[in-house]
Structures are given as C-alpha cells and as structure tokens.
There are 2 protein chains.
Amino acid sequence: MRLEKMMNNTPVTLKFLAEKLKMSVSTVSKALNNYPTINEYTKQRVQEMARDLHFTPNKSAINLKEKRSRIIGIILPNLLDHFFTRSIYGVEQFATQNGYNVIISQSHDDLEKEIQSANMLLRSRVDGLIVAISKHTQDFAHLDQFENMGIPVVYYTRNPSFNLSCHKVLGNTFQGCYQATKFLIDRGHQKIAYLGGPKMINFTHDRFNGYINALKDNQVPFSSELVAYTDFDKENTISAIKNLFANPENMPTALVAFKEPILFDAIKYLRSINHPNFGEIECIGFGNTSFISYLDSPPIASIEENPESVGENAIKLLIQLINKEIDIQNYQKIMVDCKLVVHG
Amino acid sequence: MRLEKMMNNTPVTLKFLAEKLKMSVSTVSKALNNYPTINEYTKQRVQEMARDLHFTPNKSAINLKEKRSRIIGIILPNLLDHFFTRSIYGVEQFATQNGYNVIISQSHDDLEKEIQSANMLLRSRVDGLIVAISKHTQDFAHLDQFENMGIPVVYYTRNPSFNLSCHKVLGNTFQGCYQATKFLIDRGHQKIAYLGGPKMINFTHDRFNGYINALKDNQVPFSSELVAYTDFDKENTISAIKNLFANPENMPTALVAFKEPILFDAIKYLRSINHPNFGEIECIGFGNTSFISYLDSPPIASIEENPESVGENAIKLLIQLINKEIDIQNYQKIMVDCKLVVHG
DNA sequence: ACAATTATTTCAAACGTTTGAAATGAGTTT
DNA sequence: AAACTCATTTCAAACGTTTGAAATAATTGT
C-alpha cells in the first residue's frame with residue numbers, strides 16, 4: 001500500500017491519512033500535534049499510520065497558516081573567508097536549538113547579488129535576517145524592506161557605519177588591536193609598525209585607534225612613518241611594507257597587521273628580500289588562521305576574533321527581537337571581545 | 001497610506017491590492033504574472049500599485065499552489081573545507097541562473113545532524129537534493145525518502161560506495177593521482193612514497209590505484225614499504241611518515257599525499273627532524289590550498305580537484321532530473337577530471 | 001439593431017495545514 | 001428519563017496564491 005502511494009507519487013497529506021483512518025482531517029492534525037482533547041488511542045493509531053506512510057508535513061502550508069517560517073536568513077559576502085563560515089557555526093548552533101532553520105546566501109561582495117538574495121529571503125518570509133553587507137552596499141532599501149515588514153535585521157561585522165538606527169553585533173576590533181600592541185610593547189618593542197586595511201571598511205579606524213591608544217597609554221612615541229595602509233592586493237601590501245621599512249633610522253622591530261593573509265604577504269616579502277633583522281621582527285595579525293602552524297616564520301600571536309561568538313550573539317539578539325523581548329526600534333549594539341592567541 | 005499599512009503590519013497581499021484597485025484578486029494576480037488576456041492599462045495600474053506598496057509575493061503560498069519550491073537543498077559535512085565551499089559556488093551559479101535558490105545545511109560529519117537536515121529539507125519540499133554524506137552514514141533511509149517522494153538526489157564527492165543505484169558526481173581521483181605520480185616519475189623519481197587517507201573513505205582506493213597504475217605503466221618498481229595510511233590526525237600522520245622514511249636502503253625521494261593538510265603535517269615533520277635529503281624531496285597533495293604560496297617548502301605541485309566543476313556538474317544533472325529530461329531511475333555517474341597545478 | 005466575435009474580468013476551487021466553535025456521544029446525576 | 005457533564009470528534013474558515021471555466025463588456029459585421 002505504501003508502495004502504491006509512492007508509485008503514483010501522490011504525496012501523503014493529512015487528508016490522505018484521514019481517509020485511510022476514516023476520521024476527519026482535524027482529528028489527524030490534532031493527534032499529530034498531541035492535542036490534549038484527542039483520545040490517547042486515537043493518537044496512537046494516527047501516529048502509527050503517519051510513521052508507516054512516511055507522512056511529512058508540508059512546511060509551506062504550515063508557514064502560510066502560521067504566518068511565520070521559523071527560518072532565519074543569513075546574507076554574507078562569501079564562504080571562503082573562515083571568519084564567516086565559523087560565524088555561521090555559532091548561528092546554526094543556537095538557531096536549531098530554538099527550532100529555527102537557517103538559509104545562507106552569498107553576495108560575493110556584489111550589490112546586485114545581495115539585493116537578489118534579500119528579495120529571495122523576503123519572499124520566503126524569513127522570521128529574521130542576519131547580514132554582513134557587501135563592500136559596495138551604500139543604499140539599504142533592500143534591507144530596510146525587512147524592518148518595514150516587521151522582520152528584524154541584525155547587522156554583523158560589516159555594517160553601515162553612518163546609519164545608527166540598526167541592530168549591530170561587532171567584533172571589538174579596537175580592543176583586539178590594543179591588546180596586540182600592548183603585548184608587543186610588553187615584550188620590549190618600541191618601534192611597532194601598523195599595517196592597516198582598506199580605509200572604506202568601517203573598522204579600519206577602530207583598529208588603528210586601538211594601536212594608537214596602546215602606544216599612548218604606555219608612553220611609546222608614535223611615528224607616522226610606522227603606519228601604512230593596504231588592501232587585499234599583494235602588490236599594494238608590498239609597497240606599503242617597503243614604506244614601513246624604508247627609513248633605517250626608524251626601523252620597526254614589530255608589526256601589527258589588519259588581517260592575516262595581508263600579514264603573510266608582508267612576512268613573505270620581508271624574507272624574500274633577506275631583510276637584515278628579519279629573524280627578530282615579531283608580527284601579529286587579525287585572524288588566527290589554522291595554517292599558521294605550517295609557516296616557518298609564523299606570527300608570534302594572532303588576534304582571534306571569535307567569529308562563533310559573534311554569530312551566536314547575533315542570533316541570540318535576533319531571536320529576542322523575533323520574540324519581541326526587545327523592541328525592534330530599540331536598537332542594540334553588541335561588541336564581542338577579541339582574544340590574543342600566542343603561538344607556541 | 002503605505003505607512004499606515006506598514007504600521008499595523010498587515011502584509012500587502014494580492015487581496016489588499018485588489019481592494020485598493022477595486023478589482024478581483026485574479027485580475028491582480030494575472031496582471032502581475034503578465035497574462036496576455038489582461039488589458040495593458042490594467043497591468044500598468046496593478047504593477048505600479050504593487051511597486052508603490054512594496055508587494056512581495058508569499059513564496060509559501062506559491063509553493064503550496066504550484067507544488068514545487070524552486071529550492072535545491074545541499075547537505076555537506078562542513079563549510080570549513082574549501083573543497084565544499086568552492087563546490088557550492090558552482091552549484092549556486094547554475095542554480096540561480098535557472099531560477100532555483102539553494103539551502104545549505106551542514107552535517108558536521110554527524111549522522112544525527114544529517115538526518116535532521118534531511119528531514120528539514122524534506123519538509124521544505126525542496127525540488128532536489130545534492131548531498132555529500134557524513135563519514136558515518138551507513139544507512140540511507142533518511143536520504144532514500146526523497147527519491148520515494150519523487151525528489152531526485154545527487155550524491156557528490158562522498159557517496160555510498162556499495163550502493164550503485166544512485167546518481168553520483170565524483171572527482172576523478174584515480175586520474176588525479178595517476179597524473180601526479182606520472183609527473184614525479186617524469187622528473188626522474190623512482191622512489192615515490194604514497195601517503196593514503198582513511199581507508200573507510202571510498203576514494204582512498206581509487207587514489208592508490210592511480211598511484212600504482214602510474215608506476216606500472218612506467219616500469220617503476222612498486223614497494224609496499226613506500227605506502228602508508230593515515231587520517232586527519234597529526235600524530236598518525238607523523239607515525240606514517242616515520243614508517244615511510246624508515247629504511248635507508250629504500251629512501252623515498254618524492255611523496256604523493258591524500259590531502260594537502262596531511263601533506264603539510266608531513267613536510268613539517270620531515271623538516272623538524274632535519275631529514276638529510278629534505279631539500280630534494282618533491283611532494284604533491286590533493287587540494288591546491290591558497291596558502292601554499294606562503295610556505296617555505298611548498299609542494300612542487302597540487303592536484304586541483306576542481307570543486308566548482310564538481311558542483312556545477314551535480315546541479316546540472318539534478319536540474320535535468322527535476323525536469324525529467326533524465327529518468328530518475330536511470331542512474332548516472334559523472335567523473336570530473338583533476339588538474340595538476342605546478343607551483344612556480 | 002442584433003448576432004457573432006473577441007477582449008477582458010471575475011468566479012470558484014484548489015494547494016495542505018491549523019484552530020476555535022459547534023456537534024456528537026457517553027456517562028452521571030437527579 | 002430528562003438534564004447535565006465531560007471527553008472527543010468534526011465543521012468550517014482561514015492563510016495567499018494560481019488558473020481553467022464562466023461571465024461580462026466591448027467591438028465588429030451584417
């Protein structure tokens with residue numbers, strides 16, 4: 001009988017179960033949902049039949065009826081950056097514990113694709129959205145739509161710097177950079193170079209401020225010669241490094257870098273030119289990449305951004321917003337501390 | 001007026017548009033779907049109003065009516081392995097081009113989680129499923145459900161070795177390993193060690209066969225001393241390497257490894273013990289990790305598995321199955337060639 | 001002016017659930 | 001035996017769409 005059903009591909013619905021059991025659809029529904037008004041024996045019969053016939057409730061129908069999907073949407077630039085994949089882990093963990101499923105969508109740092117993803121998730125009537133915006137997102141109409149429909153949005157990591165009226169969960173990148181700089185100072189460094197990231201990214205400045213403040217608080221003189229900026233392009237990184245190490249009078253003995261891949265390019269270059277002090281230069285970057293253990297001249301430490309924790313904070317906030325435990329207009333800003341991991 | 005609507009949070013539906021426009025719901029629906037029987041002017045009015053009021057069709061309702069979701073499910077072990085994230089890229093690309101959206105779900109190599117993911121996707125009535133099974137998947141009931149409901153499933157990369165009756169898309173790991181071994185032979189190596197992966201993984205043997213056949217075809221003598229197996233545990237890799245390099249009479253000059261992270265552990269170990277021939281040993285592993293450029297003693301080449309292409313082949317096959325261009329029972333097996341990438 | 005044609009709009013049912021209200025049935029009480 | 005409980009089941013409407021058939025309106029030909 002099961003086979004028949006499957007052969008002609010009529011899906012098993014409540015109605016089908018009801019006919020088989022000669023009872024009404026509502027009894028079947030209530031039995032499966034364990035309503036107290038349904039007789040125990042009836043429940044048993046229904047549940048057994050449902051199991052035997054592999055009844056699978058149709059989520060579309062339920063969503064339609066319940067006016068919610070129990071789906072959380074995530075939009076992020078890409079899945080190749082371990083920061084994001086690790087953050088997803090934190091989101092998923094807590095989401096599934098709370099009965100939510102997660103749809104992940106990549107923007108590939110393309111605004112058009114981000115808009116498409118947003119529209120798709122809106123049509124799917126996600127109950128909430130977690131988003132790390134693309135590099136090029138200036139206009140937020142496609143994301144504002146959600147709030148306009150009462151669907152809460154939490155921005156994480158990459159977020160609209162100027163626009164204060166939104167929920168944010170961010171790595172405390174100031175604190176991370178401060179800590180790293182302080183660590184190097186404590187190890188006796190007085191000439192600490194800072195290699196910053198793209199100036200458009202909003203936390204570039206926070207990181208720089210962490211560096212500056214650590215110097216100041218520890219009476220280490222600041223020199224603008226020791227600061228340079230790059231992006232993720234190798235050539236630019238090399239020319240930035242050339243500048244930093246240009247003045248023999250003011251030669252850095254340590255380096256704090258915006259992100260590990262950039263740092264690796266820098267280290268590689270310094271070694272390739274056989275820089276005289278290469279062995280003594282101590283480096284730290286944001287990231288804590290697992291590959292560090294394979295490097296011959298590894299950074300002395302990493303600034304671990306705790307992406308899982310960032311993700312977890314984002315989903316926790318989002319669920320509170322969904323449950324209206326926090327008013328959607330009561331905009332929150334959560335900072336997640338970084339941790340300095342010293343490599344051994 | 002829009003604001004009112006949004007304030008009391010009544011979502012904009014076809015019915016709402018119809019009332020505003022004083023026409024029937026079906027006219028509105030047909031106008032939005034550009035039915036030829038609807039008057040041009042009416043279409044304009046409807047579309048304008050829909051735009052102004054930010055009408056967003058409810059996908060659940062559409063899915064329910066159309067009995068399909070235009071969603072493809074993907075289940076894979078995790079997102080930290082770049083093989084998988086790169087393969088997703090291939091899937092997404094082609095899927096969105098064909099009007100499908102993608103839901104990604106991680107099993108974390110846990111059977112229980114894989115079952116949950118499968119059930120979730122089944123309830124969501126995905127139109128098709130692409131899956132790389134977990135390490136521990138022996139029983140396939142949770143995946144067979146899909147085919148029983150007429151939903152096609154394509155297994156990719158990790159797949160049930162014994163069970164022939166399923167659709168598969170695989171990297172041609174035999175060819176990849178053959179090519180790598182041949183490359184080393186052509187460079188004059190006669191003592192090529194082979195470091196294999198976990199024996200449970202089904203393509204471990206294919207790779208070994210690639211190695212063996214390349215030796216045979218080129219009249220290089222095979223020695224079982226030159227073969228060892230490990231898993232992803234560093235300790236086991238080191239003891240495997242110790243065995244491979246134990247006999248001074250039979251010292252390898254080259255090494256083919258199952259996967260790059262394993263190879264990196266091996267290289268690291270060999271250097272750490274200051275192996276006398278370290279500089280001459282040429283290594284190749286599966287993967288083509290982007291970090292290779294930062295290593296001091298990088299592999300001479302990588303076996304690029306073309307994950308994007310594997311993903312693309314999987315989704316193409318799946319869509320053909322969904323469209324019934326290929327019969328669901330007509331099980332396909334597609335092999336995607338690897339490419340040897342020589343590092344420069 | 002009237003039928004015949006064509007263009008356009010509306011009706012109504014369906015998709016698979018959920019759920020409060022109404023109906024039924026079986027005991028209990030008087 | 002009528003009235004009242006209480007447990008259990010069923011009814012019926014609703015969620016937001018789509019779509020073939022039926023209805024209506026507009027246009028044409030005679």
Side-chain angles (χ1 to χ4, degrees), chain A residues 5 9-47 49-50 53-71 99 122-127 149-151, chain B residues 5 9-47 49-50 53-71 122-127 149-150:
Chain A
K5 189 66 195 172
N9 255 331
T10 321
V12 179
T13 65
L14 288 186
K15 191 169 158 220
F16 183 81
L17 290 181
E19 280 162 11
K20 279 269 168 266
L21 290 159
K22 298 192 193 313
M23 41 177 100
S24 76
V25 172
S26 27
T27 308
V28 175
S29 169
K30 287 173 178 171
L32 290 173
N33 289 306
N34 208 26
Y35 268 53
T37 69
I38 301 293
N39 182 282
E40 275 309 318
Y41 177 61
T42 310
K43 280 185 193 172
Q44 274 192 1
R45 288 209 306 143
V46 173
Q47 276 156 13
M49 179 69 73
L53 261 47
H54 290 104
F55 168 72
T56 312
N58 184 320
K59 215 161 172 311
S60 292
I62 297 175
N63 292 349
L64 184 57
K65 190 79 230 298
E66 307 217 311
K67 291 165 167 257
R68 67 153 165 196
S69 59
R70 291 202 158 278
I71 293 176
L122 195 61
R123 279 194 295 275
S124 297
R125 295 291 191 273
V126 293
D127 290 345
M149 285 182 67
I151 301 171
Chain B
K5 190 67 193 170
N9 255 331
T10 321
V12 179
T13 65
L14 288 186
K15 191 168 156 221
F16 183 81
L17 290 181
E19 280 162 11
K20 278 268 168 269
L21 290 159
K22 298 192 193 315
M23 42 178 97
S24 77
V25 172
S26 26
T27 308
V28 175
S29 169
K30 286 174 179 171
L32 290 173
N33 289 306
N34 210 24
Y35 267 52
T37 69
I38 301 294
N39 181 284
E40 273 310 318
Y41 176 62
T42 310
K43 280 184 193 172
Q44 273 192 0
R45 288 209 306 144
V46 172
Q47 276 155 13
M49 179 69 74
L53 262 47
H54 290 103
F55 169 71
T56 312
N58 184 321
K59 215 161 172 310
S60 292
I62 297 175
N63 292 348
L64 183 58
K65 189 81 231 300
E66 306 217 311
K67 290 166 168 255
R68 68 153 165 195
S69 60
R70 290 200 158 280
I71 294 176
L122 195 61
R123 278 196 295 275
S124 297
R125 296 289 191 274
V126 293
D127 291 346
M149 285 182 67

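Any value given below was found using the heavy atoms of this structure, including those in side chains, with hydrogens, waters and symmetry copies removed. In what follows, every chain begins at residue 1, and chains take the letters A, B, ... in the order their sequences are listed.
- In this structure, the CZ atom of B:Arg68 is 14 Å from the C1' atom of D:dT17, given to the nearest Å.
- At a threshold of 4.0 angstrom between heavy atoms, the contacts of B:Tyr41 with the nucleic acid are absent.
- At least one side-chain heavy atom of B:Ile71 sits less than 4.5 Å from a side-chain heavy atom of B:Lys59.
- Comparing atom distances between the B:Leu64 side chain and each of D:dT10, D:dC15, C:dC15 picks out C:dC15 as nearest.
- Looking at heavy atoms from C-beta onward, A:Leu122 lies in side-chain contact with A:Ile151 at the 4.5 angstrom threshold.
- Contact of the A:Ile62 side chain with the A:Pro57 side chain is registered, since non-hydrogen atoms from C-beta on lie closer than 4.5 Å.
- The side chain of B:Thr13 approaches D:dT17 more closely than any other nucleotide in the set D:dT10, D:dT17, C:dG16.
- Closest approach of A:Arg70 to A:Asp127, counting heavy atoms only: N-OD2, 2.6 Å.
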Quiz item: Are B:Leu17 and B:Leu53 close enough, and set up right, to give a side-chain contact (heavy atoms from CB on, under 4.5 Å), and what steps lead you there?
Solution: CA-CA 8 Å; B:Leu17 290 181; B:Leu53 262 47; 3.8 Å; yes

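- Atom P of nucleotide C:dG16 and atom NZ of A:Lys67 are separated by 21 Å, given to the nearest angstrom.
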Quiz item: side-chain contact (heavy atoms from CB on, under 4.5 Å) between B:Leu14 and B:Leu32: does it pass, once the steps are laid out?
Solution: CA-CA 10 Å; B:Leu14 288 186; B:Leu32 290 173; 3.7 Å; yes

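- Atom OG of A:Ser24 is separated from atom NZ of A:Lys30 by 8.0 Å, given to the nearest 0.5 angstrom.
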Name the pairs: protein N/O against N/O of nucleotides 4-7 of chain D, kept only if under 3.5 Å.
none

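- B:Thr42 comes within 4.0 angstrom of the backbone, heavy atoms only, and of no base.
- Each of B:Arg125 and B:Met23 has a nearest nucleotide on DNA chain C; the 5'-most of these lies closest to B:Met23.
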Exercise. For side-chain contact (heavy atoms from CB on, under 4.5 Å), just list the numbers for A:Arg125 and A:Met149, CA-CA rounded to whole Å, side-chain angles, deciding distance to a tenth of an Å, and then say yes or no.
Key: CA-CA 10 Å; A:Arg125 295 291 191 273; A:Met149 285 182 67; 3.9 Å; yes

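- Where B:Ala61 and A:Pro36 each meet DNA chain D at their nearest nucleotide, the meeting point lying more 5' is that of A:Pro36.
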Every protein N/O within reach of nucleotides 19-25 of chain C N/O, cut-off under 3.5 Å:
| unit_1 | atom_1 | unit_2 | atom_2 | d |
| --- | --- | --- | --- | --- |
| C:dT19 | OP2 | A:Tyr35 | OH | 2.9 |
| C:dG20 | O6 | A:Lys30 | NZ | 2.8 |

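- For the pair A:Glu19 and A:Lys15, the minimum side-chain heavy-atom distance is below 4.5 Å.
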